Amino acid sequence: MKKMLICCGVLCMTLLLFCGTALAAVEVQPGDDSSVTVTKKDADEKVFTVTKSSGVSDGQLYLVMIQKGNASDMPTAENLYYLNVEKASGTTFTMDAYPKDLDGGTYVVYLSDYAGANGGRNAVATLLVDIDEPKYGDVNGDNEVTGKDRIILSRYLAKWADYGEDKTDANYKVVKDNADVNKDGQLTGKDRIILSRHLAKWADYQTLPMPES
């Protein structure tokens, strides 16, 4: 995760930024304040623009926060995905927010001002994030992790001609995201070893994926 330290007066905070994965889908639902809109800015849905169009004074400080969970949850190091402060310019406030990688779930977007008009955290939008997670170890995509998956992966790594990503038959098909059980972005003998130990129920290999330390 990439972190950047920012300061505004005596206020310092860590800005959490995206570091890579594309989102499957993000639905933005409006909050209670109709003067505030949250829109997706880029095609990968990694940048969100927060805009307040009324009741804004030039130079007014606003805090934007994106937090996972319900609006009643208190912010913690685990559920806070974005935090930043910026000044309004003119009579409109706008800020581009760059949260760290969002996994599937619900996120609340908050906007607060330092004049106290918002009474603390004001929930201005909800982000509904849907991500199709790989089923790690299910090499052929049949929704099961069995010895067949190990055999298919072994033959694919040995470059058997009948095995590959383009196959539709579950006896020969390779789903690369599922087979990459150490999440290093490539298929190698390491993935076959980890899958073999998982199937053999080795104590340290019970859960997939197993990223390399």
Side-chain angles (χ1 to χ4, degrees), residues 1-4 6 13-56 60-89 91-113 117-138 141-143 165 175-180 183 185 207-209 211:
M1 181 194 310
K2 182 179 179 183
K3 293 186 177 181
M4 178 172 65
I6 63 168
M13 66 195 70
T14 298
L15 179 63
L16 303 173
L17 300 179
F18 271 114
C19 57
T21 58
L23 306 178
V26 178
E27 177 186 346
V28 181
Q29 296 184 345
D32 295 332
D33 189 342
S34 60
S35 72
V36 181
T37 58
V38 178
T39 55
K40 295 174 286 188
K41 185 173 183 179
D42 70 347
D44 289 333
E45 301 180 311
K46 294 182 178 181
V47 184
F48 301 87
T49 301
V50 180
T51 304
K52 183 171 174 59
S53 56
S54 64
V56 177
Q60 173 66 56
L61 282 174
Y62 283 92
L63 180 147
V64 172
M65 182 166 65
I66 299 178
Q67 178 182 318
K68 188 173 185 179
N70 301 312
S72 59
D73 294 341
M74 294 301 295
T76 67
E78 288 71 32
N79 67 15
L80 191 59
Y81 278 67
Y82 183 82
L83 182 66
N84 201 358
V85 173
E86 200 164 298
K87 288 183 179 180
S89 177
T91 58
T92 299
F93 169 79
T94 185
M95 176 194 287
D96 287 342
Y98 301 77
K100 66 180 180 179
D101 288 333
L102 303 178
D103 52 4
T106 300
Y107 299 78
V108 182
V109 182
Y110 297 97
L111 179 67
S112 300
D113 65 40
N118 287 335
R121 299 185 304 160
N122 187 30
V124 296
T126 301
L127 309 179
L128 302 179
V129 180
D130 178 26
I131 295 181
D132 295 326
E133 290 288 345
K135 184 176 177 61
Y136 292 102
D138 179 20
D142 66 355
N143 292 316
E165 301 170 71
V175 181
K176 291 190 72 174
D177 286 344
N178 292 358
D180 182 19
K183 294 183 66 175
T207 304
L208 298 178

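Since the structure is predicted, the reported quantities are computational estimates derived from the model, not experimental observations.
Under the side chain to side chain contact (heavy atoms under 4.5 Å, CB included) rule, Tyr81 has a single partner from Asp101, Val108, Asp103, which is Asp103.
Residues Glu86 and Thr94 come closest through the heavy atom pair OE2-O, 3.5 Å. In plain terms, the two heavy atoms of Asn143 and Lys135 that are nearest each other are O-CE, 3.3 Å. Gly141 and Asn178 get closest at one heavy-atom pair: CA-ND2, 4.3 Å. When all heavy atoms of Ala125 and Val28 are compared, the pair lying nearest together is CB-CG1, 4.4 Å. Considering every non-hydrogen atom in both Asp73 and Lys68, the closest pair reads OD2-O, 4.3 Å.
In this structure, CE on Met65 lies 7.0 Å from CG on Leu83, to the nearest 0.5 angstrom. Atom CG of residue Leu80 and atom CD of residue Gln67 lie 6.5 Å apart, to the nearest 0.5 angstrom. Interatomic distance, NZ of Lys52 versus CE of Met95, reported as 14.0 Å (0.5 Å rounding). Note that the OH atom of Tyr98 and the CD1 atom of Ile66 stand 12.0 Å from one another [nearest 0.5 Å]. The OH atom of Tyr136 sits 7.0 Å away from atom CG of Asp180, with the distance rounded to the nearest 0.5 Å. Atom CG in Leu208 sits 11.0 Å away from atom CG in Asp138 (nearest 0.5 Å).
Between the side chains of Ser35 and Asp33, at least one donor-acceptor pair of N or O atoms lies under 3.5 Å. Judged purely by distance below 3.5 Å, without hydrogens or angles, the side chains of Thr49 and Lys41 never pair a donor atom with an acceptor atom. The closest side-chain donor-acceptor pair between Asn84 and Tyr82 falls under 3.5 angstrom.
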Original post:
Could you walk me through whether Val56 and Thr92 pass the side chain to side chain contact (heavy atoms under 4.5 Å, CB included) check?
Top reply: CA-CA 6 Å; Val56 177; Thr92 299; 5.8 Å; no
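Tyr107 places no side-chain N or O within 3.5 Å of a backbone atom of Asn70 that could act as its donor or acceptor partner.
For Lys183, there are no salt bridge (Lys or Arg N to Asp or Glu O under 4.0 Å) partners, not counting sequence neighbours. Every salt bridge (Lys or Arg N to Asp or Glu O under 4.0 Å) that Lys40 has, sequence neighbours left out, goes to Glu45.
Between Leu127 and Glu27 the shortest side-chain heavy-atom distance does not fall below 4.5 Å.
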